[in-house]
Amino acid sequence: MDRDNWIEINKELNRLYQLHEMGVSQPGKCREFNSQASLFLERLEELGADDIADRVMELLAGCSPKDFSPCDNRLNTKGSLERLQERIKKKLE
């Protein structure tokens with residue numbers, strides 16, 4: 001994959017991270033995060049970024065969206081997103 005693809009992946013991951021953080025104060029955003037993360041997974045698979053796609057798949061496996069209460073796995077998901085951001089930054093170096 002070329003650098004431009006990694007830049008786009010990084011932007012999308014940052015957007016997902018922000019959406020996840022909004023879910024802390026707006027629990028209804030959990031479903032939106034889950035849906036957007038699923039679309040991100042599809043994009044990663046299309047690009048052949050299998051190592052990152054595997055991590056997003058694991059993240060989604062632990063994601064159980066709730067409409068009216070905070071996510072039980074919020075801190076785990078946040079940590080997973082931060083680790084993914086670090087992996088992508090390394091690919092951009």
Side-chain angles (χ1 to χ4, degrees):
M1 260 194 342
D2 64 16
R3 183 172 171 75
D4 290 339
N5 285 332
W6 286 115
I7 289 170
E8 288 303 313
I9 288 170
N10 190 47
K11 286 179 187 176
E12 179 64 17
L13 186 58
N14 289 334
R15 191 180 71 72
L16 282 173
Y17 183 85
Q18 293 303 319
L19 182 59
H20 183 263
E21 290 304 295
M22 280 194 288
V24 173
S25 61
Q26 302 171 31
K29 292 286 183 183
C30 279
R31 289 202 188 281
E32 184 179 348
F33 170 80
N34 187 278
S35 175
Q36 293 300 311
S38 295
L39 293 172
F40 182 52
L41 173 60
E42 282 183 45
R43 175 89 171 114
L44 290 169
E45 290 173 339
E46 289 170 3
L47 290 170
D50 297 331
D51 59 329
I52 303 296
D54 287 346
R55 299 299 149 257
V56 172
M57 195 177 311
E58 288 173 7
L59 182 145
L60 283 167
C63 186
S64 56
K66 298 183 183 217
D67 289 324
F68 303 108
S69 64
C71 174
D72 295 334
N73 297 320
R74 184 184 70 77
L75 293 176
N76 288 339
T77 301
K78 180 179 180 176
S80 294
L81 289 167
E82 289 170 348
R83 286 187 295 280
L84 278 170
Q85 287 173 320
E86 288 302 314
R87 284 182 97 160
I88 291 171
K89 282 181 189 174
K90 287 179 183 177
K91 291 185 182 283
L92 288 169
E93 293 174 351

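Quantities reported herein were computed from a predicted structural model and do not represent experimental measurements.
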Item to check | Interatomic spacing from CG in Leu44 to CG in Asp54 - rounded to 0.5 Å | outcome: 10.0 Å

Next on the checklist: Can you list everything that forms a side-chain contact (heavy atoms from CB on, under 4.5 Å) with Met1? Sequence neighbours excluded, please.
Outcome noted: Asn5, Trp6, Ile9, Leu47, Ala49

Next on the checklist: Tell me every residue that passes side-chain contact (heavy atoms from CB on, under 4.5 Å) with Glu58, counting only those two or more places apart in sequence or in another chain.
Outcome noted: Arg55

Checklist entry - Which heavy atom in Ala37 sits nearest to a heavy atom in Leu16, and how many Å separate them? => result N-CD2, 3.7 Å

Item to check | Ile52 CD1 to Arg43 CZ distance, which is reported to the nearest 0.5 Å | outcome: 14.0 Å

Item to check | Identified side-chain contact (heavy atoms from CB on, under 4.5 Å) counterpart of Phe33 within the set Met22, Gln18, Glu21, His20 | outcome: His20

Checklist outcome for this item: Here the pair of heavy atoms bringing Leu41 nearest to Ala53 is CD1-O, 3.2 Å

Checklist entry - Who pairs with Glu42 by side-chain contact (heavy atoms from CB on, under 4.5 Å), at least two apart in sequence or on another chain? => result Leu39

Checklist outcome for this item: Sorted by chain and residue number, the side-chain hydrogen bond (donor to acceptor under 3.5 Å, both in side chains) partners of Glu82 (sequence neighbours excluded) come out as Tyr17

Item to check | Residues Met57, Glu45; criterion side-chain contact (heavy atoms from CB on, under 4.5 Å); working and verdict | outcome: CA-CA 10 Å; Met57 195 177 311; Glu45 290 173 339; 3.8 Å; yes

Contacts under 3.5 angstrom, residues 84-93 side chains, donor-acceptor by atom type, not counting sequence neighbours:
{"unit_1": "Gln85", "atom_1": "NE2", "unit_2": "Asn14", "atom_2": "OD1", "d": "2.8"}
{"unit_1": "Lys91", "atom_1": "NZ", "unit_2": "Asp51", "atom_2": "OD2", "d": "3.2"}

Next on the checklist: Measuring from atom CG of Asn34 to atom CG of Leu60, what distance do you get when rounded to the nearest 0.5 angstrom?
Outcome noted: 5.5 Å

Item to check | side-chain contact (heavy atoms from CB on, under 4.5 Å) partners for Ser35, two or more places apart | outcome: none

